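In what follows, chains carry the letters A, B, and so on, assigned in the order in which the sequence lines appear, proteins first and then strands, with residues in each chain numbered from 1. Source: prediction; values computed, not measured. Computed from heavy atoms alone, side chains included, the values below leave out hydrogens, waters and symmetry copies.
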Amino acid sequence: MPTVFTQTIKNLIRQIPKGKVATYGYIAAMAGNPRGARQVARVLHSSSEKDGLPWHRIVNRLGRISLKPSQGYEVQRQLLEKEGVVFDRQETIDLDRYLWRPEPGIGCDESPYLHKL
DNA sequence: AACCTGACTTCGG
DNA sequence: TCCGAAGCCAGGT
């Protein structure tokens, strides 16, 4: 049976609204483990299709797609653009603008990592 | 069953 | 500020 951490990751990803994105570390931190970014990636790779997760809304901390061209990069980019997410000429997404924030303003965060963003 | 690997990030020197 | 090393953990070999 998967760990709670893994399940929480799935739940969080499912909550990302259309037109917004989240980073691996951000999801990991909210799931309770700031250094569990890799597990987020693993979850997506293994059960994104199975559980119908919006895998394309996850990018790395720089706001760039981690997939390599011809490895899914194009697909992810197109899915995001279709939702209104804009890439600049460096193939980067402006996180200040598109990063998903569960509770903008109030309550704030549970980890220093989230505070930084 | 042990070992390797990875859609990543953070930490310490 | 820059770079190597560690952390995390499930799935594949």
Side-chain angles (χ1 to χ4, degrees):
Chain A
M1 172 161 170
T3 64
V4 179
F5 179 54
T6 297
Q7 302 220 24
T8 304
I9 288 174
K10 292 185 186 176
N11 291 330
L12 289 170
I13 293 175
R14 260 191 282 269
Q15 290 172 48
I16 303 175
K18 183 180 173 187
K20 288 291 181 179
V21 300
T23 68
Y24 298 93
Y26 188 67
I27 293 294
M30 288 193 289
N33 190 335
R35 305 208 200 77
R38 280 186 106 151
Q39 281 50 248
V40 175
R42 177 135 285 300
V43 167
L44 292 178
H45 191 278
S46 67
S47 50
S48 59
E49 218 173 302
K50 170 174 163 291
D51 292 310
L53 301 176
W55 62 274
H56 56 282
R57 296 182 191 146
I58 308 298
V59 296
N60 67 25
R61 67 175 182 153
L62 301 175
R64 302 237 256 70
I65 291 177
S66 288
L67 289 174
K68 291 171 184 175
S70 75
Q71 296 282 330
Y73 176 92
E74 293 86 350
V75 181
Q76 179 169 10
R77 175 161 180 169
Q78 195 149 68
L79 283 169
L80 287 173
E81 293 184 317
K82 197 159 66 175
E83 296 186 346
V85 175
V86 177
F87 288 74
D88 66 17
R89 76 192 107 161
Q90 311 300 323
E91 325 220 308
T92 300
I93 294 171
D94 181 355
L95 289 180
D96 284 339
R97 211 160 111 186
Y98 296 102
L99 180 66
W100 171 53
R101 288 190 165 83
E103 302 298 336
I106 56 178
C108 290
D109 36 64
E110 303 97 35
S111 96
Y113 177 76
L114 302 182
H115 189 280
K116 190 174 67 173
L117 299 174

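C:dG4 sits 23 Å from B:dA7 when the C1' atoms are compared, rounded to a whole Å.
Atom CZ in A:F5 sits roughly 12 Å away from atom P in B:dT9 (whole-Å rounding). Atom-to-atom, CZ of A:R42 to C1' of B:dC4 comes out at 11 Å; the value is rounded to the nearest Å. Atom CD in A:Q71 sits about 17 Å away from atom P in B:dT5, given to the nearest Å. Note: CD1 (A:I58) to P (B:dG6) measures 21 Å, nearest angstrom. Taking atom CZ of A:R61 as the reference point, atom C1' of B:dT9 lies 6 Å away to the nearest angstrom. Atom NE2 in A:H45 sits roughly 14 Å away from atom C1' in B:dC8 (whole-Å rounding). Rounded to whole Å, atom C1' of C:dC8 lies 4 Å from atom CD of A:Q39. Going from atom CG of A:N33 over to atom C1' of B:dC8 covers 12 Å, rounded to whole Å.
Side-chain contact between A:Q76 and A:V59: present, with at least one pair of heavy atoms (C-beta onward) separated by less than 4.5 Å. Within the 4.5 Å cutoff, no side-chain heavy atoms of A:W100 are placed close to those of A:R57. For the pair A:W55 and A:V75, the minimum side-chain heavy-atom distance is below 4.5 Å.
At the heavy-atom level, A:L67 lies under 4.0 Å from base atoms of the strands shown.
Within residues 8-17 of chain A, no residue has a heavy atom under 4.0 Å from DNA chain C.
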With the criterion being N/O to N/O and under 3.5 Å, what pairs connect the protein with nucleotides 3-7 of chain C, and how long is each?
residue : atom : partner : partner atom : Å
C:dG7   : O6   : A:R38   : NH1          : 3.1

